[in-house]
Each structure stands twice: as structure tokens, then as C-alpha cells.
Amino acid sequence: MGGYAYAGMWPGSQIFGRTLTAPGLPSELALTFDDGPNPKWTPKLLEVLARYEVKATFFLIGQFAAQNKALVREMQAAGHVLGNHTWTHPNLARTGPGRTREELARTKREIEGITGAPVRLFRPPFGGRSPWTGPIARGLGMEVVLWNAMTADWDATEAEPVAAALLKKIGKNRRAGRATNLVLHDGSHRMPEAERGASVGAVGRILAARVANVRMVTVGAWVG
Ligand SMILES: [Zn+2]
């Protein structure tokens, strides 16, 4: 991987234009979920979020949204913020401008067609970007959103270590004076039937362990 590709894959990199990670508001925490909607795991996650009365931000894969329209409407009705995570989950560091635009525009149209609400947030799969990714997203009215707390929840079999790793990252961000933009996965871009019990279980543990004075927000609250 050359330096150029590396810059495009590094979540904190601003080389390819403005991106949103997390503002300097150490008391705030945004839970975000990628690679859904998933007919098995997303409803379980919605239950946990409802139990704690927390609104989250979901970055949806367009083709899965098209296959699970009622679920997308349910997420919207529950007050969650829905963002764009492309139609097929390609690495945009290796995707040309024409296909990038198609991936983003088709997904935005699909979600907006289902919910009737504008989609203002976009998260690139794997954090991968090219010089044209940001301009295309912003041209479609979306901010590019990255993250600053992630662990390999997609490989985990137990919730406890996932929650522990993320709580540690929340603490680290707070000490650095930053909000936390935490990402977990309620689906899988390659294998929709993949196990996500550890990811959903970790959410309950993080919310139960809730650090003192933390304020749960959506990423939407950070873009004004
Ligand atoms: Zn993803």
C-alpha cells in the first residue's frame, strides 16, 4: 500500500478533504452502526436502544435497505438517524468517480424513497476514500463521517471484550477532550447471515456501564 492509498484509508486523515470524526465535546457519545439493515440483528439492536431510550446513527448498505424496507421505516419511526454506506460496499480508495457517484446516489435515493426524509450523512466502507469521494458526497448533500472508536466486533464471539475495548476508547477520547463516534456492526456486507450477537450484546453492556455525565447524541446533532 503506497502513501497515497494509506492516506485515503486512515480514518483521521484530512488529505482528501473535510471529514467529520467527533467534535471537541468530551461528554458526548454517538453510537453508530454499519452494514445493516439486517433482518435478524437490527431488530434486536432496536430493542436494546429502545430499552435505554437511546437514538443511534445507522449507515445503511443501499441494496440491504431495498430488501428490508419495512425495517428501514421502523428505524426511522424510532427516531434513529439513517446514513448512506454505499449500495454494494466497495472500497472507494479503488473506485472511480463514475461508479462512486452511482453507489452514493442510488443509496441516497433508495433510503429517501423509503423514509421520505433527507439523507445527510455518508460513511465510506472501510474508511476508504479517493480525492473525488468527498466532493461527490458533498455534491449530493452529505457530510463524510468517519469514527474514533472501533474494535473488531465482526470477528468477536463474546460481547464482554468488545464492550471493554470500546469503553476504554471512550475514556481515551474523553481524556483527549473529544466526543466519541463509536462504530459497531449490525450486519455484514459479505455475509448477511453472519453472527452479530457479540456486537448487539456489547451495546447493552456499554449502555449499562454508562460513564458518568455522558450525553448520547446522533451524528446528525454534530452537523447542525
Ligand atoms: Zn461497512
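Residue numbers count from 1 along this sequence.
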Exercise for the section: Using a strict 4.0 Å threshold on nitrogen-to-oxygen distance, state whether E193 and K40 make a salt bridge. Expected result: no
Handout entry: salt_bridge(E110, R106) N-O dist < 4.0 Å
Key =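 Salt bridge: no.
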Handout entry: L49/F33 under side chain to side chain contact (heavy atoms under 4.5 Å, CB included): CA gap, chis, key distance, verdict
Key = CA-CA 12 Å; L49 295 171; F33 301 98; 4.2 Å; yes
What is the minimum heavy-atom distance between [X] and [Y], and which atoms define it?
| X | Y | value |
| --- | --- | --- |
| T218 | A30 | C-CB, 4.3 Å |
| P124 | R129 | CG-CG, 4.0 Å |
| V162 | A156 | CG2-CB, 3.4 Å |
| A22 | N148 | CB-ND2, 3.4 Å |
| Q76 | A117 | NE2-CB, 3.5 Å |
| R205 | A163 | CB-CB, 3.7 Å |

Between [X] (side chain only) and [Y] (backbone N and O only), is there a donor and an acceptor less than 3.5 Å apart?
| X | Y | value |
| --- | --- | --- |
| K55 | V217 | no |
| D34 | D186 | no |
| T107 | W87 | yes |
| H80 | A56 | yes |
| E112 | V119 | yes |

Would you mind reporting whether [Y] and [X] have side-chain heavy atoms less than 4.5 Å apart?
| X | Y | answer |
| --- | --- | --- |
| K44 | R196 | no |
| T21 | V145 | no |
| L146 | L20 | no |
| W41 | E195 | yes |
| W147 | L182 | no |
| I206 | I170 | yes |
| L92 | L104 | yes |
| P37 | F58 | no |

Problem - Polar side chain donor-acceptor pair, T133 to R101, under 3.5 angstrom - result: no
Handout entry: Donor-acceptor side-chain pairing of T88 and E103 below 3.5 angstrom
Key = yes
Say you draw a straight line from [atom1] of [X] to [atom2] of [Y]; how long is it, rounded to the nearest 0.5 Å?
| X | Y | atom1 | atom2 | result |
| --- | --- | --- | --- | --- |
| T151 | L166 | OG1 | CG | 5.5 Å |
| T86 | R99 | OG1 | CZ | 8.0 Å |
| T95 | E102 | OG1 | CD | 12.5 Å |
| N84 | R123 | CG | CZ | 12.0 Å |
| L82 | I114 | CG | CD1 | 9.0 Å |
| N38 | L60 | CG | CG | 11.5 Å |

Problem - Cluster link F59 to F64, ILVMFWY, side chain under 4.5 Å - result: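 Each belongs to a different hydrophobic cluster.
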Practice task
Determine whether F122 and I61 fall in the same hydrophobic cluster, where Ile, Leu, Val, Met, Phe, Trp and Tyr are linked whenever their side-chain heavy atoms lie under 4.5 Å apart.
Solution key: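 The answer is no; the residues belong to distinct hydrophobic clusters.
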Handout entry: Test log, rule side chain to side chain donor-acceptor pair (under 3.5 Å), inputs S188 and D35
Key = CA-CA 5 Å; S188 161; D35 297 356; 5.9 Å; no
Practice task
Would you check, one step at a time, whether the test side chain to side chain contact (heavy atoms under 4.5 Å, CB included) holds for L45 with V203?
Solution key: CA-CA 8 Å; L45 180 55; V203 175; 3.8 Å; yes
Problem - Parallel, tilted or perpendicular: ring planes of H89 versus H189, cut at 30 and 60 degrees - result: parallel
Exercise for the section: Please lay out, stage by stage, how W132 and T100 fare under the test side chain to side chain contact (heavy atoms under 4.5 Å, CB included). Expected result: CA-CA 8 Å; W132 47 84; T100 296; 3.7 Å; yes
Exercise for the section: Would you sort out whether V81 and L121 count as a side chain to side chain contact (heavy atoms under 4.5 Å, CB included), showing the intermediate values? Expected result: CA-CA 9 Å; V81 170; L121 305 173; 3.8 Å; yes
Problem - Qualifying residue, where the test is side-chain hydrogen bond (donor to acceptor under 3.5 Å, both in side chains) with E143 and the options are R138, R18, R120 - result: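 One option only clears the test, and that one is R18.
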Exercise for the section: Decide if atom CZ of R215 counts as having more than 12 heavy atoms of other residues, nucleotides or ligands within a radius under 6.0 Å. Expected result: no
